[in-house]
Protein chains: 2
Amino acid sequence: MEEIPARLSAKPTWLITQLSVHAHRLATEAFAEAGAHGYHYRILTALDEFGVASQADLGRRCNMDRSDVVAAINEMAAQGYVERTPDPADRRRNLVSLTETGQQQQQRLEQSLQRAQDELLAPLTAAERKTLTHLLHEVLTHQRSQR
Amino acid sequence: MEEIPARLSAKPTWLITQLSVHAHRLATEAFAEAGAHGYHYRILTALDEFGVASQADLGRRCNMDRSDVVAAINEMAAQGYVERTPDPADRRRNLVSLTETGQQQQQRLEQSLQRAQDELLAPLTAAERKTLTHLLHEVLTHQRSQR
DNA sequence: CCTATTCGTTGGTTCGGCCAACGATATACC
DNA sequence: GGTATATCGTTGGCCGAACCAACGAATAGG
């Protein structure tokens with residue numbers, strides 16, 4: 001019926017980009033249930049893991065552009081998940097901190113994402129998931145080091 | 001300096017989406033050298049592999065929306081890589097065919113992509129690449145069967 | 001015959017990822 | 001100390017890939 005060209009389906013770049021579409025769709029749907037976006041999850045998780053940070057730090061940790069951090073923080077501050085206070089030690093900076101409800105939101109998103117994750121990797125055994133994760137990690141860190 | 005939250009970098013969805021950014025960038029740069037886009041490569045390859053097809057067929061094979069097929073065909077028809085003729089047997093359809101120069105373009109893109117591919121997977125051995133490809137393929141086909 | 005379905009096309013939205021520029025501030029160098 | 005350089009937050013924009021809704025024309029199925 002709708003066969004895929006072999007030259008496409010044999011290429012890792014094709015597989016990765018196609019799979020990222022599915023992964024992205026699953027993650028987006030999961031986040032949408034909690035009224036959040038991908039950027040929001042990244043920032044909440046970074047704050048939960050490393051504590052208070054400047055917006056620039058968050059951008060670097062979450063691999064986001066500074067301007068996108070601004071927008072995400074605006075939205076989450078309006079929702080009460082995050083607080084923005086000027087850094088007394090460096091008045092260029094804003095210190096972003098996680099609120100109580102922000103932490104709860106992080107946990108909600110964490111669980112939603114976990115479910116999406118399981119759905120995505122359903123056909124793989126635990127060992128295969130580990131192998132896949134390891135290989136992807138390998139390639140990604142190499143790619144990151146290249147620039 | 002700019003550490004990445006462990007909860008992110010351990011998640012296949014994160015790894016896949018982040019890696020797809022790199023894969024996509026490498027592929028896009030490779031295609032840009034030949035003045036093409038990712039959608040163009042997909043269609044050219046599908047035509048090369050399966051021969052003449054309707055736009056709707058191309059969309060299904062390349063996993064593209066019909067409307068995006070229209071735009072890509074427009075561009076490639078203007079470049080002379082592809083020809084659009086009405087199907088006499090079904091006047092709703094257009095039959096899209098590959099021209100001589102279109103076939104050459106497909107080969108150019110094929111080679112460019114191969115180079116991007118090698119760059120992306122540089123840190124992996126041949127065996128690891130095979131494993132990765134296999135696992136990705138597994139997950140993707142399962143995902144495709146889900147809808 | 002008439003209802004669904006398919007096809008190509010137009011026009012629009014969304015989301016993630018970017019870039020350029022700005023004023024304010026901080027750091028480094030001379 | 002003063003001056004260049006860099007960083008930070010912010011605004012406002014761009015792009016590409018994916019997708020959706022709706023339309024007229026044409027076909028297929030009952």
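Chain naming here is simple, since letters A, B, ... match the order of the sequence lines and numbering starts at 1 in each. Below, each value reflects all heavy atoms present in this structure, side chains not excepted, and no hydrogens, waters or symmetry copies.
- Residues L58(A) and V70(A) fall into different hydrophobic clusters, defined by Ile, Leu, Val, Met, Phe, Trp and Tyr side chains chained together at heavy-atom separations under 4.5 Å.
- For V70(A), taking side-chain heavy atoms from C-beta onward, the closest of the listed nucleotides dG16(C), dT10(D), dC18(C) is dT10(D).
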Quiz item: Can E110(A) and K11(B) be said to form a salt bridge (Lys or Arg N to Asp or Glu O under 4.0 Å), step by step?
Solution: CA-CA 11 Å; E110(A) 193 72 39; K11(B) 292 225 166 46; 2.6 Å; yes
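- Between the base of dC19(C) and the side chain of S67(A) there is a donor-acceptor pair shorter than 3.5 Å.
- Judged by distance alone with a 3.5 Å cut-off, no donor-acceptor contact links the side chain of N94(B) to the base of dC7(C).
- The backbone N or O of L121(A) lies less than 3.5 Å from a partner atom in the side chain of R129(A), making a donor-acceptor pair.
- Looking at heavy-atom distances under 4.0 Å, D68(B) makes contact with a base.
- Residue R42(B) has its side chain nearest to dA18(D) when only dG16(D), dC18(C), dA18(D) are considered.
- Using a 4.0 Å heavy-atom cutoff across all strands shown, T17(A) reaches no nucleic acid atom at all.
- Phosphate proximity of dT9(C) to Q55(B): present, with a side-chain N or O under 4.0 Å from OP1 or OP2.
- Residue N74(A) places its side chain closer to dT11(D) than to any other of dT11(D), dA26(D), dC18(C).
- The residue V69(A) sits apart from the nucleic acid: no heavy atom pair falls under 4.0 Å.
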Collect all protein-nucleotide pairs involving nucleotides 21-24 of chain C in which both atoms are nitrogen or oxygen and the distance is under 3.5 Å.
unit_1  : atom_1 : unit_2 : atom_2 : d
dA21(C) : N6     : R66(A) : NH2    : 3.2

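- As rounded to whole Å, 9 Å separates atom P of dA17(D) from atom NE2 of H40(B).
- Residues Y39(A) and V21(A) fall into different hydrophobic clusters, defined by Ile, Leu, Val, Met, Phe, Trp and Tyr side chains chained together at heavy-atom separations under 4.5 Å.
- Mapped onto DNA chain C by nearest heavy atom, D65(A) and L95(B) fall at different nucleotides, with L95(B) at the one closer to the 5' end.
- When rounded to the nearest whole Å, the span between NE2 of H37(A) and P of dG16(C) equals 7 Å.
- What separates CG of L19(A) from P of dA17(D) is a distance of 18 Å, to the nearest Å.
- Hydrophobic clustering (side-chain heavy atoms under 4.5 Å, transitive across Ile, Leu, Val, Met, Phe, Trp, Tyr) keeps L98(A) apart from L95(A).
- Taking atom CG on D87(B) and atom P on dT27(D), their separation rounds to 9 Å, with Å as the unit.
- As a whole-Å value, the separation of H22(B) NE2 from dG17(C) C1' is 12 Å.
- The phosphate of dC7(C) has OP1 or OP2 within less than 4.0 Å of a side-chain N or O from R60(B).
- The C1' atoms of five pairs define one axis at each end of the helix from dC1(C)-dG30(D) to dC30(C)-dG1(D), and these two axes lie 30° apart (to 10°).
- Remark: the backbone N or O of R66(A) is not paired with any side-chain donor or acceptor of Q55(A) at under 3.5 angstrom.
- With rounding to whole Å, Y41(A) atom OH is found 17 Å from dG16(C) atom C1'.
- In this structure, of dG8(C), dG16(D), dG17(C), it is dG17(C) that holds the atom nearest to the side chain of Q18(B).
- Side-chain nitrogen and oxygen atoms of H24(B) include none within less than 4.0 Å of the OP1 or OP2 phosphate oxygen of dG16(D).
- For the pair R84(B) and dT9(C), the criterion of a side-chain N or O lying under 4.0 Å from OP1 or OP2 is met.
- Side-chain N or O atoms of R61(A) include none that pairs as donor or acceptor with a backbone N or O of A46(A) at under 3.5 Å.
- Residue R91(B) places at least one side-chain N or O closer than 4.0 Å to OP1 or OP2 of dT27(D).
- Put simply, the side chain of I16(A) does not reach to within 4.5 Å of the side chain of H24(B), judged on heavy atoms.
- Rounded to whole Å, the distance from CG on D90(B) to P on dG8(C) is 8 Å.
- In this structure, I73(B) atom CD1 and dC7(C) atom C1' are separated by 14 Å, rounded to whole Å.
- With ring centers used as reference points, H137(B) lies 6.0 Å or more from H134(B).
- Remark: side-chain polar atoms of E49(B) are paired, donor with acceptor, to backbone N or O of A6(A) under 3.5 angstrom.
- A donor-acceptor contact closer than 3.5 angstrom is absent between the side chains of T99(A) and E83(A).
- Here the side chain of Y39(A) is nearest to one of dG16(C), dG9(D), dG8(C), namely dG16(C).
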